[in-house]
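In what follows, a single structure is set out as C-alpha coordinates and then discussed.
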Amino acid sequence: MPELRELYQQVIVDHNRNPRHRGRPAHHTHEAAGDNPLCGDRITVFVDVEGGVIRDIGFEGAGCAISTASASLMTSAVVGKPVAEAERLFTAFHSMVVDPAAPADPRALGKLAAFAGVRGFPARVKCANLAWHTLHAALRADGERVSTE
Ligand code: FES
(Lines give C-alpha, C1' and ligand atoms only; values in the text may rest on other atoms or scores of the structure.)
Protein backbone atom coordinates (compact mmCIF):
# COMPACT_ATOMS: atom_id res chain seq x y z
CA MET A 1 0.00 0.00 0.00
CA PRO A 2 2.29 2.81 -1.21
CA GLU A 3 -0.22 5.59 -0.35
CA LEU A 4 -0.39 4.42 3.24
CA ARG A 5 3.40 4.23 3.48
CA GLU A 6 3.63 7.75 2.07
CA LEU A 7 1.05 8.99 4.58
CA TYR A 8 2.93 7.38 7.46
CA GLN A 9 6.16 8.98 6.29
CA GLN A 10 4.47 12.38 6.21
CA VAL A 11 3.19 11.86 9.76
CA ILE A 12 6.72 11.11 11.01
CA VAL A 13 8.26 14.05 9.14
CA ASP A 14 5.57 16.40 10.45
CA HIS A 15 5.96 15.33 14.09
CA ASN A 16 9.74 15.52 13.87
CA ARG A 17 9.71 19.02 12.40
CA ASN A 18 6.95 20.27 14.65
CA PRO A 19 6.95 18.14 17.81
CA ARG A 20 3.83 18.38 19.95
CA HIS A 21 4.09 18.64 23.74
CA ARG A 22 7.78 19.50 23.67
CA GLY A 23 8.87 21.03 26.95
CA ARG A 24 8.18 20.63 30.64
CA PRO A 25 4.55 21.13 31.66
CA ALA A 26 3.85 23.81 34.27
CA HIS A 27 3.03 21.07 36.76
CA HIS A 28 3.89 17.39 36.76
CA THR A 29 3.57 14.50 39.20
CA HIS A 30 5.78 11.92 37.46
CA GLU A 31 8.94 12.01 35.39
CA ALA A 32 11.56 9.64 34.05
CA ALA A 33 14.67 9.90 31.92
CA GLY A 34 15.70 7.49 29.22
CA ASP A 35 18.53 7.15 26.78
CA ASN A 36 19.79 5.15 23.89
CA PRO A 37 23.49 4.54 24.63
CA LEU A 38 24.16 3.43 21.07
CA CYS A 39 23.62 6.95 19.75
CA GLY A 40 23.60 9.08 22.90
CA ASP A 41 20.06 10.31 22.35
CA ARG A 42 18.16 11.05 25.54
CA ILE A 43 14.69 12.03 26.59
CA THR A 44 12.91 13.05 29.77
CA VAL A 45 9.15 12.57 29.97
CA PHE A 46 7.03 14.61 32.41
CA VAL A 47 3.49 13.53 33.23
CA ASP A 48 0.82 15.24 35.27
CA VAL A 49 -1.58 12.62 36.61
CA GLU A 50 -4.71 13.53 38.51
CA GLY A 51 -7.45 11.11 39.44
CA GLY A 52 -5.85 8.36 37.36
CA VAL A 53 -5.94 10.50 34.20
CA ILE A 54 -3.01 12.02 32.30
CA ARG A 55 -3.94 15.70 32.49
CA ASP A 56 -0.74 16.99 30.89
CA ILE A 57 2.46 15.60 29.43
CA GLY A 58 5.65 16.92 27.89
CA PHE A 59 9.12 15.82 26.90
CA GLU A 60 12.59 17.29 26.64
CA GLY A 61 15.71 15.95 25.04
CA ALA A 62 17.56 15.50 21.82
CA GLY A 63 16.98 12.62 19.50
CA CYS A 64 16.83 11.42 15.94
CA ALA A 65 13.82 12.05 13.70
CA ILE A 66 12.16 8.77 14.65
CA SER A 67 12.60 9.17 18.40
CA THR A 68 11.41 12.80 18.29
CA ALA A 69 8.39 11.95 16.14
CA SER A 70 7.60 8.98 18.37
CA ALA A 71 7.71 11.15 21.51
CA SER A 72 5.45 13.70 19.83
CA LEU A 73 2.91 11.11 18.68
CA MET A 74 3.06 9.28 22.01
CA THR A 75 2.33 12.42 24.03
CA SER A 76 -0.52 13.31 21.65
CA ALA A 77 -1.95 9.80 21.96
CA VAL A 78 -2.00 9.61 25.76
CA VAL A 79 -2.84 13.14 26.90
CA GLY A 80 -6.31 13.21 28.46
CA LYS A 81 -6.42 9.41 28.73
CA PRO A 82 -6.58 7.24 31.84
CA VAL A 83 -3.23 5.81 32.90
CA ALA A 84 -4.54 2.30 32.23
CA GLU A 85 -5.29 3.27 28.61
CA ALA A 86 -1.79 4.76 28.21
CA GLU A 87 -0.32 1.48 29.48
CA ARG A 88 -2.50 -0.46 27.06
CA LEU A 89 -1.20 1.71 24.20
CA PHE A 90 2.37 1.16 25.41
CA THR A 91 1.85 -2.60 25.22
CA ALA A 92 0.15 -2.43 21.81
CA PHE A 93 2.82 -0.12 20.37
CA HIS A 94 5.65 -2.27 21.71
CA SER A 95 4.06 -5.36 20.29
CA MET A 96 3.53 -3.68 16.89
CA VAL A 97 7.22 -2.76 16.54
CA VAL A 98 8.86 -5.89 17.97
CA ASP A 99 6.52 -8.84 17.63
CA PRO A 100 6.53 -10.65 14.29
CA ALA A 101 3.25 -12.28 15.32
CA ALA A 102 1.55 -8.91 15.95
CA PRO A 103 -1.55 -8.30 13.83
CA ALA A 104 -0.63 -7.46 10.24
CA ASP A 105 -2.91 -4.45 10.21
CA PRO A 106 -1.83 -2.03 12.93
CA ARG A 107 -4.29 0.68 11.86
CA ALA A 108 -6.24 0.22 15.09
CA LEU A 109 -3.43 2.27 16.62
CA GLY A 110 -4.28 5.28 14.46
CA LYS A 111 -1.33 7.54 13.68
CA LEU A 112 0.92 5.43 15.91
CA ALA A 113 0.77 2.86 13.11
CA ALA A 114 3.21 5.14 11.25
CA PHE A 115 5.94 3.24 13.11
CA ALA A 116 4.89 -0.23 11.99
CA GLY A 117 7.59 -0.04 9.31
CA VAL A 118 10.43 -0.07 11.86
CA ARG A 119 9.75 -3.73 12.67
CA GLY A 120 12.69 -5.72 11.41
CA PHE A 121 15.14 -2.83 11.92
CA PRO A 122 16.36 -3.29 15.52
CA ALA A 123 18.19 0.06 15.71
CA ARG A 124 15.06 1.89 14.57
CA VAL A 125 12.88 -0.11 16.95
CA LYS A 126 14.95 1.34 19.80
CA CYS A 127 14.40 4.86 18.45
CA ALA A 128 10.64 4.33 18.24
CA ASN A 129 10.42 2.69 21.67
CA LEU A 130 12.57 5.11 23.67
CA ALA A 131 9.78 7.59 24.51
CA TRP A 132 7.30 4.81 25.31
CA HIS A 133 9.62 2.98 27.69
CA THR A 134 10.38 6.28 29.37
CA LEU A 135 6.67 7.04 29.76
CA HIS A 136 6.13 3.57 31.19
CA ALA A 137 8.90 4.18 33.76
CA ALA A 138 7.47 7.60 34.64
CA LEU A 139 4.03 6.11 35.28
CA ARG A 140 5.52 3.34 37.41
CA ALA A 141 7.23 6.19 39.28
CA ASP A 142 10.17 4.03 40.27
CA GLY A 143 12.75 6.68 39.34
CA GLU A 144 14.81 4.13 37.43
CA ARG A 145 16.70 5.44 34.42
CA VAL A 146 15.57 3.76 31.20
CA SER A 147 17.99 2.51 28.62
CA THR A 148 17.31 0.87 25.28
CA GLU A 149 20.25 -1.48 25.99
FE1 FES B 1 19.25 7.76 18.69
FE2 FES B 1 17.31 7.16 17.16
S3 FES B 1 19.39 7.30 16.55
S4 FES B 1 17.25 7.32 19.29
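Ligands are counted one by one from 1 in listed order, and the atoms in each one are counted from 1 as well. If you're wondering where the values come from, they're calculated on a predicted model, not measured in any experiment.
Across Leu139, Leu135, Leu130, a single residue satisfies side chain to side chain contact (heavy atoms under 4.5 Å, CB included) together with Val45, and that is Leu135.
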| task | Could you give me the CA-CA distance, side-chain angles and deciding distance for Asp41 and Lys126, then say whether salt bridge (Lys or Arg N to Asp or Glu O under 4.0 Å) is met? | result | CA-CA 11 Å; Asp41 291 349; Lys126 289 175 196 229; over 6 Å; no
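In this structure, Phe90 and His136 have parallel ring planes: the angle between them is below the 30° cut-off, well short of the 60° mark.
With contacts defined as side-chain heavy-atom distances shorter than 4.5 Å, the pair Trp132/Leu112 qualifies. Side-chain contact between Val49 and Val83 is present, with heavy atoms from C-beta onward closer than 4.5 Å.
Of all protein N, O or S atoms, those under 2.8 Å from atom 1 (Fe) of ligand 1 number 2.
Among residue pairs with one or both ends in residues 54-73, those qualifying as salt bridge (charged side-chain N to carboxylate O under 4.0 Å, His left out) are Arg24-Glu60; sequence neighbours excluded.
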